[in-house]
Amino acid sequence: MNGINDPIDRPPNRLVAILVAAGVALQWLCQPPLGWWPIAFVAIIPWLMIVRYDDHFEGRDQLIIWLAGLVYWLLTLQGLRHAHPAIYVGWFALAAYLSVYGVLFVALSRRMVRLGAPLWVTAPVVWVGLECVRNYFATGISAAMLGHTLADVPELVQIADLFGSYGVSFVVVAVNVAVYELIASRLPFLSTPNAAVSRPTRSRIVAVAAAIIWVACTIGYGRFRLKQTVGEKDLATFALIQRSEVVEFPQGQKRDVDIFYNYARQTVTTLESTSEKIDAVVWPESMFSGGKFWVADPAVAVVPAEFTGNDDEFREWMDYDRQEFLVRAADLQNAFATSNTNNHRPQIIGGCGVIRYAADPQMFSGIVQVDSDGQVTNWYGKTHRVMLGEHIPILSSITVLRPYIPLGLRLSKGPGPTNFQVGQTNVSPNICIETAVERVPVDHLSQLRQKNALPDVILTVSNDGWFDNSSVIDHHLRCAQMVAVGCRRPILSSSNNGPTAWIDSRGQIVQRLATGTEGAIIAKPEHDSRVSVYVTIGDWPARVLAIVCLGLIAVIVKERYLAKRQSKN
């Protein structure tokens with residue numbers, strides 16, 4: 001057996017490949033569609049073994065990790081490909097990009113270990129730092145964060161109201177390190193006798209002790225939060241409508257109208273089948289459009305350059321379009337009143353395109369709020385658009401190029417977060433991907449808090465009919481669960497094809513409709529007056545770790561650059 005300071009030969013390529021593949025397989029098993037969450041606590045141990053191997057980390061090792069990550073992300077996000085044949089390119093490109101983070105985790109962790117940092121510090125710091133980077137870089141994505149694996153384990157996710165999903169990920173990685181250290185102490189071939197990375201028994205004890213402390217604090221805090229009383233006041237009752245309408249790109253006006261009336265019939269059926277007084281019915285993203293955009297701010301409208309008539313003709317046309325929209329909304333309210341056992345007219349909160357005729361016309365992926373009289377009282381424009389799906393960076397802002405970009409790819413950013421008033425209940429609207437980028441709803445609540453306008457409920461509408469019945473829908477739901485804990489607000493989700501769900505402020509699913517089914521949830525969310533630390537201070541703790549990772553990347557890049565220059569000289 002080698003002495004503690006004796007070097008060992010680098011592992012053969014086959015062993016590296018086996019370790020990488022094992023790590024990827026374990027990570028996939030603990031996420032949807034299977035969701036075997038206990039595996040999360042050992043999922044990255046194979047990668048930790050690579051971190052602890054000798055100093056050689058060659059390009060072929062990085063390629064193996066990247067290729068394995070590519071397979072993982074292609075499987076995890078395979079539902080994206082159903083949206084349109086052209087999306088296959090984007091699906092592959094997104095998976096290729098996300099695969100880089102696995103390479104960075106191993107490379108940066110190795111560097112920190114060789115600088116003298118213990119693995120029980122290194123691995124959680126690097127993992128969470130990189131998760132934070134991917135939540136910002138290229139507009140960000142939160143899906144399949146390691147902390148999401150525990151979304152259905154209430155006691156272990158309540159710390160998300162302190163540190164977001166990042167805090168849960170940190171604890172999971174810390175446990176992985178502790179388990180690895182325990183195994184390595186019994187199996188010498190998992191140890192690294194290289195003097196540069198050797199660790200004494202004391203370091204192993206500290207790693208295990210740290211994990212025990214983290215887990216104990218997490219469970220203790222979780223039980224404390226779960227025992228707290230919520231529901232101090234009554235909130236509004238909502239009917240969350242779901243259908244499984246097939247969507248197409250591009251989609252003609254006739255199909256938009258058909259979808260509108262299908263949702264209208266589904267809503268009537270829901271109201272006929274319940275004796276509850278429904279304060280608001282909620283329709284998913286774009287389902288309320290019916291081929292019509294809601295025209296916002298008509299008083300300040302500017303005649304678009306492409307309009308061939310004069311100012312009076314434009315305003316006449318615009319007023320007619322608005323009135324037609326309102327007449328349709330009022331007719332819908334009449335139908336709802338006659339189908340409701342108590343003749344009550346619920347508000348309608350529906351996903352709908354919104355257009356503003358400013359000097360440069362703006363179109364928004366929006367939500368409109370229609371009161372019981374059929375009047376639009378408020379609207380929200382999506383603030384976080386899907387890059388290359390709803391807007392094309394830079395190109396969309398170049399005036400001469402805008403006419404050549406399809407309408408659906410040049411949507412504008414909404415004015416900002418707002419509240420819809422439903423009775424005495426304040427509702428913060430979100431659309432689709434906004435709950436899948438955790439920082440977006442957290443930032444919304446932070447901004448509303450500064451205005452003393454914290455909402456009682458977060459409402460999100462989406463159209464996940466693009467993704468068939470894939471696990472992408474389950475990933476989307478888990479993102480919403482973690483946002484609910486992080487913001488300490490119940491989340492009501494209405495989605496075409498799913499996920500339509502009522503999630504409480506503890507992140508637990510009170511009720512959910514099965515993906516691909518048709519129906520409704522009558523949601524009566526509980527009021528939660530708690531203001532989370534996460535909303536108060538944001539994700540600055542995770543950002544600090546992200547800065548550490550970016551600094552290490554900069555150092556490595558600089559060293560390689562200087563090495564190449566020296567080799568040329």
Side-chain angles (χ1 to χ4, degrees), residues 4 11 16 19-20 22-27 29-31 37-55 57 65 101-132 145-150 153 156-157 159 163 165-194 196-219 541-542 544-546 548-549 552:
I4 191 64
V16 171
L19 291 174
V20 171
V24 165
L26 291 172
Q27 290 174 55
L29 288 172
C30 62
Q31 295 277 12
W37 64 265
I39 293 177
F41 294 112
V42 297
I44 66 170
I45 286 178
W47 286 14
L48 296 177
M49 292 173 62
I50 300 174
V51 170
R52 272 279 171 75
Y53 273 127
D54 68 11
D55 290 334
F57 186 56
I65 296 173
Y101 287 96
V103 180
L104 289 174
F105 170 71
V106 175
L108 299 184
S109 296
R110 288 170 65 89
R111 174 54 63 95
M112 286 187 67
V113 166
R114 280 151 184 77
L115 290 174
L119 189 61
W120 63 271
V121 173
T122 294
V125 166
V126 173
W127 189 280
V128 171
L130 291 175
E131 281 193 338
C132 185
M145 292 174 67
L146 192 58
H148 290 180
T149 59
L150 305 184
V153 189
L156 296 179
V157 298
I159 59 170
F163 309 110
S165 297
Y166 304 112
V168 185
S169 294
F170 190 99
V171 173
V172 173
V173 177
V175 174
N176 272 264
V177 174
V179 175
Y180 167 66
E181 294 287 17
L182 287 173
I183 295 173
S185 66
R186 299 293 181 181
L187 302 175
F189 72 89
L190 293 181
S191 300
T192 303
N194 190 319
V197 293
S198 63
R199 63 266 186 231
T201 302
R202 184 178 62 181
S203 180
R204 285 176 172 160
I205 293 174
V206 172
V208 174
I212 292 174
I213 292 172
W214 286 123
V215 172
C217 290
T218 297
I219 293 174
V544 171
L545 304 188
V548 171
C549 291
L552 282 172

Please tell me if the side chains of [X] and [Y] come closer than 4.5 Å, counting only heavy atoms from C-beta onward.
X	Y	answer
Val42	Tyr180	no
Val208	Leu182	yes
Phe105	Ile44	yes

side-chain contact (heavy atoms from CB on, under 4.5 Å) between Glu181 and Trp120, intermediate numbers included
CA-CA 9 Å; Glu181 294 287 17; Trp120 63 271; over 6 Å; no
Restricting to ring-ring contact (aromatic ring centres under 6.0 Å, His included), what partner residues turn up for Trp214, sequence neighbours left out?
Phe170
Which residues share a ring-ring contact (aromatic ring centres under 6.0 Å, His included) with Tyr101, sequence neighbours left out
Tyr97
Audit row: Val171, Leu156, side-chain contact (heavy atoms from CB on, under 4.5 Å) steps and yes/no
CA-CA 9 Å; Val171 173; Leu156 296 179; over 6 Å; no
Starting at [atom1] of [X], measure out to [atom2] of [Y] and round the result to the nearest 0.5 Å.
X	Y	atom1	atom2	answer
Arg114	Thr122	CZ	OG1	10.5 Å
Ile65	Trp47	CD1	CH2	6.5 Å
Ile212	Cys217	CD1	SG	11.5 Å
Ile39	Leu29	CD1	CG	4.5 Å

For a side-chain contact (heavy atoms from CB on, under 4.5 Å) check, start with the C-alpha distance between Val175 and Val215, then their side-chain angles and the critical distance, and finish with the verdict.
CA-CA 8 Å; Val175 174; Val215 172; 3.5 Å; yes
For the residue pair [X] and [Y], what are the closest heavy atoms and their distance?
X	Y	answer
Cys549	Gly129	SG-CA, 3.9 Å
Ala207	Ala178	O-CB, 3.9 Å
Ser203	Pro118	OG-CB, 4.4 Å
Leu119	Pro124	O-CD, 3.8 Å
Ala174	Ala211	O-CB, 3.7 Å
Val126	Met112	CG2-SD, 3.5 Å

Check the pair Leu115 / Arg111 against side-chain contact (heavy atoms from CB on, under 4.5 Å), numbers first and verdict last.
CA-CA 6 Å; Leu115 290 174; Arg111 174 54 63 95; 4.1 Å; yes
Under 3.5 Å donor-acceptor, Thr149 side chain and Leu146 backbone
yes
Check: Met145 main-chain N/O paired with Gln31 side-chain donor or acceptor under 3.5 Å
yes
Ile45 and its side chain to side chain contact (heavy atoms under 4.5 Å, CB included) partner, picked from Leu26, Val179, Leu19, Val177
Val179
Which residues satisfy the side-chain hydrogen bond (donor to acceptor under 3.5 Å, both in side chains) test with Trp127, sequence neighbours excluded?
Glu131
